[in-house]
Amino acid sequence: MATTPPATSARTTAASAPAGGRPTVNPAASTRLATPARSAPAPALPPHGEGIAGDRAIQEALESAWPADLPAADERELLATGRALLRADATGVGRAQWPHLFSGSGQALAPAFATGRFRIQAAIARRDGSPDKAVVHLVWAGMDRGGTFTDLRITDWFFTRTTTKGAGTWTPQSRT
């Protein structure tokens, strides 16, 4: 399973006042009163362990950072397939659907993550350099066999559009 370690959000805090602790003055508006510098806005991503309550914020952050660029029908198809691929990869459920991606899936395999403790927190599908290539970017959470729960995990699935008899289909690409 090719996943990256849990993502860390860029949570930096700005100093609430400049060096010396004195308020700042906007030089462009000399008639305004001096105002203290403001602290940085709250981070866009929820804290680790927020649970389902934080998933909407993660989805919104993805959509904001990576604007949509695919037709809606293609995006729906890619998201459904990307979610199913991630579930198969992480939990072992449904691997037989993609024998070219999951070699040896007919063998007994202990899944890395429990199906009951696995959820996709957010997902987007976007072009990947050309109209016939796409990537499904998934953020997910799960509890591994050792009982460790981790959220904000990231997995990308890459697809190419193939055309057969005039109909286009998105085909997932092997990671090797």
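Reckoned from all heavy atoms, side chains included, excluding hydrogens, waters and symmetry mates.
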* **Criterion salt bridge (charged side-chain N to carboxylate O under 4.0 Å, His left out) on Asp128 and Lys133, from CA distance to verdict** => CA-CA 5 Å; Asp128 187 33; Lys133 291 184 179 183; over 6 Å; no

* To do: Give the C-alpha distance, both sets of side-chain angles, the deciding distance and a yes or no for side-chain contact (heavy atoms from CB on, under 4.5 Å) between Ile124 and Val136.
  => CA-CA 6 Å; Ile124 58 171; Val136 176; over 6 Å; no

* To do: Assess whether side-chain contact (heavy atoms from CB on, under 4.5 Å) is satisfied between Leu101 and Arg95, documenting all intermediate values.
  => CA-CA 8 Å; Leu101 296 175; Arg95 286 186 177 191; over 6 Å; no

* To do: May I have the step-by-step check of side chain to side chain donor-acceptor pair (under 3.5 Å) for Thr171 and Thr162, ending in yes or no?
  => CA-CA 7 Å; Thr171 305; Thr162 55; 3.2 Å; yes

* To do: Would you please test Arg127 and Asp132 for salt bridge (charged side-chain N to carboxylate O under 4.0 Å, His left out) and show each step?
  => CA-CA 8 Å; Arg127 282 195 175 123; Asp132 292 330; over 6 Å; no

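Annotation: the span from Leu86 atom CG to Ile120 atom CD1 amounts to 4.5 Å, rounded to 0.5 Å. Rounding to the nearest 0.5 Å gives a distance of 14.0 Å between OG of Ser174 and CH2 of Trp98. In this structure, OG1 in Thr148 is found 11.5 Å from CZ in Arg117, a value given to the nearest 0.5 Å. Once rounded to the nearest 0.5 Å, the distance linking CD of Gln121 with CZ of Arg153 reads 10.5 Å. The CD atom of Glu63 sits 12.0 Å away from the CD1 atom of Ile58 when rounded to the nearest 0.5 Å. Rounded to the nearest 0.5 Å, atoms CG (Leu62) and CD (Glu60) are 10.5 Å apart.
Counting only heavy atoms from C-beta outward, the side chains of Arg161 and Asp74 approach each other to under 4.5 Å. Put simply, the side chain of Thr164 does not reach to within 4.5 Å of the side chain of Thr169, judged on heavy atoms.
Leu79 and Ala125 get closest at one heavy-atom pair: CD2-N, 3.8 Å. In terms of heavy-atom proximity, Leu85 sits nearest to Phe102 at O-CZ, 3.9 Å. Between Ala123 and Arg83, the closest heavy-atom pair is CB-NH2, 3.8 Å. Closest heavy-atom contact between Glu75 and Ala68: OE1-CB, 4.4 Å. When every heavy atom of Trp170 is checked against every heavy atom of Pro131, the shortest pair comes out as CH2-O, 3.6 Å. Taking every heavy atom of both residues into account, Gly82 and Leu138 meet most closely at O-CD1, 3.8 Å.
Ring orientation note: the planes of Phe118 and Trp140 are tilted relative to one another, at an angle of 30° to 60°.
Of the possible donor and acceptor atoms, one in the side chain of Arg126 sits under 3.5 Å from a partner among the backbone N and O of Pro67.
Asp151 and Arg119 are not joined by a salt bridge, as no carboxylate oxygen comes within less than 4.0 angstrom of a charged side-chain nitrogen.
With His137 as reference, Trp66 is the one residue of Phe158, Phe159, Trp66 to meet the ring-ring contact (aromatic ring centres under 6.0 Å, His included) rule.
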